[in-house]
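Written out below as structure tokens is the structure these notes cover.
Just the heavy atoms: all of them, side chains too, but no hydrogens, waters or symmetry mates, feed the values below.
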Amino acid sequence: MSVYSSFFSIGAASGWTLYPPLSNYPYSPSLAADYIIFSLHLAGASSILGSINFITTIFILPFSNVFSFFKFPLIIIAQMAVSVLLIISLPVLAAGITMLLFDRNFSTSFFSNAKKKKKNRHRLPIVH
């Protein structure tokens, strides 16, 4: 999917970080950024499902007579730790990418300050 996005104009013109001001329409008007965002959604969903698969396999395997949970090799425990970290972190990243997708396609203002009221919160009150 991400390779397919490079067929549209010059690819995603927002860099590899999908920096929000550069990924909006004035700077990246082609469909390439939308395809990159969709491919990142697919990669995140597959990583979450793969992590759930690893964790359920690790917790179901000790019920056989061969293994007990405390006799697992270190690589299995490390894979379980990575799977837990992926399940914790990837929904947050997916929410950020979804907000970026809404900014591009539905004219929301999650990452831009142009549609919000600008308040002078940084100024200190003048005391006489």
Side-chain angles (χ1 to χ4, degrees):
M1 204 61 184
S2 61
V3 173
Y4 184 66
S5 73
S6 65
F7 294 135
F8 294 101
S9 69
I10 57 169
S14 56
W16 66 274
T17 58
L18 287 174
Y19 185 59
L22 295 179
S23 62
N24 284 337
Y25 277 112
Y27 302 107
S28 179
S30 69
L31 289 174
D34 291 329
Y35 280 114
I36 289 288
I37 290 170
F38 185 65
S39 69
L40 287 174
H41 269 109
L42 288 178
S46 67
S47 295
I48 288 173
L49 291 175
S51 296
I52 291 171
N53 186 16
F54 274 119
I55 288 175
T56 55
T57 302
I58 289 170
F59 282 126
I60 288 175
L61 194 61
F63 291 120
S64 66
N65 294 332
V66 179
F67 290 114
S68 72
F69 184 72
F70 295 106
K71 293 183 180 179
F72 279 133
L74 184 61
I75 189 73
I76 305 249
I77 301 300
Q79 182 62 45
M80 186 177 68
V82 167
S83 297
V84 168
L85 290 174
L86 280 173
I87 288 174
I88 290 170
S89 66
L90 282 178
V92 177
L93 296 174
I97 292 173
T98 304
M99 288 188 286
L100 183 63
L101 187 70
F102 281 176
D103 275 355
R104 282 185 55 83
N105 296 322
F106 302 118
S107 298
T108 59
S109 58
F110 289 112
F111 293 112
S112 66
N113 219 6
K115 295 180 183 176
K116 298 177 185 176
K117 272 188 184 176
K118 292 185 179 180
K119 296 180 180 177
N120 293 327
R121 294 182 185 178
H122 64 279
R123 293 187 182 174
L124 295 174
I126 298 174
V127 179
H128 292 281

| Atom pair NE2 (H41) and CD1 (I36), whose distance is rounded to the nearest 0.5 Å | 13.0 Å
| note | Output for pair (T98 OG1, F110 CZ), nearest 0.5 Å, gives 9.5 Å
| Cluster overlap F54 with M80, hydrophobic side-chain contacts below 4.5 Å | no
| said: Between L85 and V92, is there shared hydrophobic-cluster membership here, with clusters defined by ILVMFWY side-chain heavy atoms closer than 4.5 Å? | reply: no
| remark: Rounded to the nearest 0.5 Å, the OG atom of S83 sits from the CD1 atom of I88 at a distance of 11.0 Å
| query | Looking at CG of L40 and CG of L18, how far apart are the two atoms once the value is rounded to the nearest 0.5 Å? | reply | 6.0 Å
| message | Check for me, please, whether V82 and I76 land in the same ILVMFWY cluster - side-chain distances under 4.5 Å, paths through other members count. | response | yes
| request: Indicate yes or no: at least one non-hydrogen side-chain atom of P20 is less than 4.5 angstrom from one of D103. | output: no
| query | Are I60 and L49 in one and the same hydrophobic cluster, where Ile, Leu, Val, Met, Phe, Trp and Tyr link if side-chain heavy atoms are under 4.5 Å apart? | reply | no
| Which residues share a ring pair (Phe, Tyr, Trp, His ring centres under 6.0 Å) with F102, sequence neighbours left out | F106
| remark: Taken to the nearest 0.5 Å, the spacing of I87 CD1 from I48 CD1 works out to 7.5 Å
| Under the side-chain contact (heavy atoms from CB on, under 4.5 Å) test, residues paired with L101 that sit two or more places apart | D34, I37, N105
| note | Interatomic distance, CG@N53 vs CD1@I58, rounded to 0.5 Å, equals 9.5 Å
